Structures are given as structure tokens and as C-alpha cells.
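Worksheet: one structure, shown below.
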Amino acid sequence: MKYYIIAGEASGDLHGANLMKELKKKDAQAEFRFWGGDLMQAQGGSLVKHYKELAFMGFVEVAMNLTTILKNISFCKKDIAAYQPDVVILIDYPGFNLRIAPFVKILNIPVLYYISPQVWAWKSGRVKTIVKSVDKMLVILPFEKDFYKKWDYEVEFVGHPLIDAIEQRETPDRDEFIAQWDLDQRPIIALLPGSRKQEIQTKLPLMLSVVDDFPDYQFVIAGAPGQDKEYYLPFMRNGVQLVENKTYQLLQLSHAALVTSGTATLETALLKIPEVVCYKGSRISYEIGKRLVKNIEYISLVNLIMDREVVTELIQNDLNYENIKRELSDILEGEKRSKMLSDYNQLIRKLGGVGASEKAAEEVIKLLE
């Protein structure tokens, strides 16, 4: 079969690659054409556009790049029509993918959506587009199945693919890792400031503001796949180091982490590393978003899934030197650290076990049959 897959972010590239791997087991003659990244490219097939060309974050940033986004949507439609795939698989990335789905439906090509947009948080009107244009929706958060029932739309909960990705991780040798990245023997505090330049510029200086307060620890930046080392050089002072494209390995060897909101908060929890969640956006984007997001109390996936505060969230003006110092200190040792690690075990049980990527591939094949 011919599969056309669209992933517009680093996390989508990861889950898309694992899905492709499982599809190849079930369809030895599978042909892939996709929007994604290096991990999907490693599975074979034709890369149309890299997600680094697609990543625009926030209302202001999207507005400034609207012409580029519209050109990409138009090009994608033409490319799908020319390729004539047996199925189009959309992975998250709703601002783009929900503009593609209705077009694909008109072409009478099956549409499968893997990893639901966060319509339970905001833009619930998008559910109407999903119901009309998506033949099969695969969800990865347990509460999403009940949400869609309210719309009389049946979806499949396949489990969370991050569990698969983390199960496949390499277990690094600490001494080799330290030598490779020029680290020392102090316990590591990992800094995950995000994958986009806007995120990094906003959050990384705040994360680094507490370095001198924890001399017994070394602070290490997890470099994003889409950014070059040169971009991080101005931030690397006071002994701060950078590790490139080895976020899981860095986290496994870390004692704690400061993590930007998003998928990384869940990855850190699944690796059982105590964390403080950090979010700060442009003032305009934040104020607009605050008014649009409804019925949710948290921004981190960890707290959303558990429906209670497991990890502290420092949002917008609360993300400052004093709060980062206090919250980081609290999770380095003591009762709060122990409680968080215990809560992580409950989180993993709630998400189910391994096999999300395989289950997702099975649903793709079912749809094609």
C-alpha cells in the first residue's frame, strides 16, 4: 500500500517513525511519502518537507508566517492528489492537518488521524471537521475516548506511543556519556527549553538564572533536533554544557529537570525524573490562549492525565528566578521528590503498557481492509 503521512513537529516525527516501523511488519511492500523529520526518513520512503520548515508557534508567529503556511497547505494538497495514496495518516499538528483532511475526503481517500488534537481544551468546534472528514481517530490519552462520546463519535484508544519510544531507548554508560559530552561527575540537572527558537530564547535564560545557586550540580542543555550547536553557544556559560540529540540518554542520567510544557513533560515523567514544568510565551499569545482554553486546570500532560497536580507548573509571570530556585530545590531531595516518583508509577499504569504503535498500525490496516 501507499501511505502518505503528515507530521509537523519533532514529537510527530518520533511517533510517525515508530508507526512506519510497525506498518512495515504488516505490509512488506509499504511505500511511504511523508512530511516529518530524520527519524521518519530513517524508516525509508520520500520526505516531502522537514518539520523544521513548518514549526511556527503562537498566534503572533503564525500570523507573521501565514503566507508560508498557506503555500505549504496548497502544495500538500497538490502533492497528495498527484501521489494518490491508499490512505492519508495525519499525526497531531491540527492547524495544518485539519485543513488537509476535508480535501483528502473529497478525493475519496481514507483519512486516519493518529494523536487527537487537543479539542478537549480549546477549539472544540474542530470536532465537527473531524467527524465529517476523518474515517478513524486514534487517541492516546485515556480521557479522550469519553470526550468524543459526547459528540457521538467513536474513537480508538491505542495507548501512548511514548511508552514504546522509551522502552526502545538505549541505556547509556554514565562514564562514556560524561566523557563524550565533556561533563563532570556532579549530579545532572537537565534543561529542556523546547525545540523552537522562540521557546528557547524565552525560557532558557530563566532556567539558567539559578545555576549559581546549585554549585553541587551541573546544568546540561538538551539540544533540540532542529537547532544547531552554534545557536546555543551564547547560553553556555558558568560551566553549562550542551548535549545534542540525546535527550532520553541525558534524562536517564539526570537527577532532576526543568522542562518546557508539552510532550517533554510526559517523557520526563515516564523516565521517572522529577521535574518542574516551565512555560512562558509572548504576552499577546498567552493572553489570547488563556481566553480560548476552556475546562482545563493544567498545562502539563502529566497533571492533565492524573487530573491533579503531580508536577509544579510555573506559568508566564510565575516563571521567575525565585520560583524556579524554590521548586527545583524541593525536588532534589526529600518528601516532594519521593511523592512525585510514586505518582509517576500511577501515571504509567493509567496510560497502559507498551504496544501503542503496533495497535495504531493494526487500526491502519483494518481501515484499509
Side-chain angles (χ1 to χ4, degrees), residues 1-55 72 76 79-80 83 85-93 96-97 112-115 138 140 158-173 176-177 180-181 192 194-196 222-229 231 242-252 262-264 266-267 270-271 354-365:
M1 294 289 182
K2 294 165 67 177
Y3 303 85
Y4 198 103
I5 307 174
I6 305 174
E9 298 170 307
S11 59
D13 179 37
L14 170 65
H15 303 322
N18 282 331
L19 178 61
M20 290 165 71
K21 186 188 300 182
E22 294 298 330
L23 283 170
K24 287 192 292 184
K25 293 178 184 177
K26 301 175 187 304
D27 179 3
Q29 303 301 314
E31 293 181 19
F32 298 107
R33 186 168 177 82
F34 55 89
W35 298 48
D38 299 343
L39 297 176
M40 292 173 74
Q41 196 164 20
Q43 292 299 319
S46 301
L47 174 66
V48 180
K49 280 187 183 286
H50 200 287
Y51 67 78
K52 286 189 284 187
E53 300 177 54
L54 311 172
N72 282 335
C76 183
D79 196 53
I80 291 171
Y83 186 60
D86 293 291
V87 63
V88 172
I89 301 170
L90 309 173
I91 301 178
D92 201 1
Y93 197 46
F96 189 94
N97 279 335
L112 181 138
Y113 212 122
Y114 180 36
I115 306 177
L138 308 182
I140 62 172
V158 294
H160 207 295
L162 273 180
I163 295 176
D164 288 357
I166 285 169
E167 280 292 317
Q168 297 164 10
R169 71 191 186 275
E170 303 170 23
T171 302
D173 178 276
E176 288 180 7
F177 192 86
Q180 178 184 0
W181 297 103
L192 280 66
S195 59
R196 302 179 180 95
Q227 304 298 341
D228 297 325
K229 181 177 180 178
Y231 180 73
L242 173 74
V243 166
E244 298 178 90
N245 302 320
K246 296 289 181 183
T247 300
Y248 280 6
Q249 292 91 328
L250 172 63
L251 282 171
Q252 287 178 81
T263 306
L266 184 57
E267 291 174 307
L270 294 177
L271 287 166
V354 297
S357 302
E358 182 182 5
K359 290 172 191 170
E362 288 171 358
E363 292 297 331
V364 174
I365 300 301

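Treat the numbers as computed from the prediction; the structure is a model and nothing was measured. All values below were derived from every heavy atom in this structure, side-chain atoms included, with hydrogens, water molecules and symmetry-related copies excluded.
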**Item:** Side-chain touch Asp92/Asn97, heavy atoms, less than 4.5 angstrom
**Value:** no

**Prompt:** How about Arg33 and Lys2: do any of their side-chain heavy atoms sit closer than 4.5 Å?
**Reply:** no

**Request:** Output yes when a side-chain donor or acceptor of Tyr4 lies under 3.5 Å from a complementary backbone atom of Val87, and no otherwise.
**Result:** no

**Side-chain donor or acceptor of Lys229 paired with backbone N/O of Glu244 under 3.5 Å** = no

**Asked** What residues, two or more places apart in sequence or in another chain, satisfy side-chain hydrogen bond (donor to acceptor under 3.5 Å, both in side chains) together with Asp38?
**Response** His50

**Prompt:** How long is the gap from CD on Gln43 to CG on Asp13, to the nearest 0.5 Å?
**Reply:** 10.0 Å

**Message:** If you define the side chain from C-beta out and look only at heavy atoms, does anything of Lys26 sit under 4.5 Å from Met1?
**Reply:** no

**Asked** Does the side chain of Gln252 come within less than 4.5 Å of Pro172's, by heavy atoms?
**Response** yes

**Request:** With rounding to the nearest 0.5 Å, note down the distance linking CD1 in Ile5 to CE in Met40.
**Result:** 4.5 Å

**Prompt:** Partners of Phe96 by ring pair (Phe, Tyr, Trp, His ring centres under 6.0 Å), sequence neighbours excluded?
**Reply:** Trp35, Tyr93

**Message:** Quick check: closest heavy atoms across Val243 and Lys246, and the distance to 0.1 Å?
**Reply:** CG1-CB, 3.6 Å

**Fill in**
Sequence neighbours excluded, the answer for side-chain hydrogen bond (donor to acceptor under 3.5 Å, both in side chains) partners of Gln41 is none

**Message:** Looking at Asp164 and Ala356, would you say the former's side chain and the latter's main chain have a donor-acceptor pair under 3.5 Å?
**Reply:** yes

**Asked** To the nearest 0.5 Å, how far apart are NZ in Lys49 and CD1 in Ile6?
**Response** 12.5 Å

**Item:** With Glu22 via side chain to side chain contact (heavy atoms under 4.5 Å, CB included) - residues at least two apart
**Value:** Lys25, Ser357, Glu358, Ala361

**Prompt:** Which pair of non-hydrogen atoms, one from Leu19 and one from Tyr114, has the smallest distance, and what is that distance?
**Reply:** CD2-CD2, 4.0 Å

**Prompt:** Hey, what do you get for CG (Leu39) to CG (Asn18), rounding to the nearest 0.5 Å?
**Reply:** 8.0 Å

**Request:** Under the side-chain hydrogen bond (donor to acceptor under 3.5 Å, both in side chains) rule, collect the residues that match up with Tyr3, sequence neighbours excluded.
**Result:** Asp27

**Item:** Flag, side chain of Lys24 to backbone of Gly44, donor-acceptor distance under 3.5 Å
**Value:** no

**Prompt:** Are Leu271 and Arg169 close enough that some pair of their side-chain heavy atoms sits under 4.5 Å apart?
**Reply:** yes

**Message:** For the CD1 atom of Ile115 and the CD1 atom of Ile91, what is their distance to the nearest 0.5 Å?
**Reply:** 6.0 Å

**Asked** Rounded to the nearest 0.5 Å, how far does NE2 of His15 lie from CD1 of Ile89?
**Response** 14.5 Å

**Asked** With sequence neighbours excluded, what pairs up with Gln180 under the side chain to side chain contact (heavy atoms under 4.5 Å, CB included) test?
**Response** none

**Request:** Please answer whether the main-chain N or O of Gly45 pairs with a side-chain N or O of Glu31 as donor and acceptor at a distance below 3.5 Å.
**Result:** no

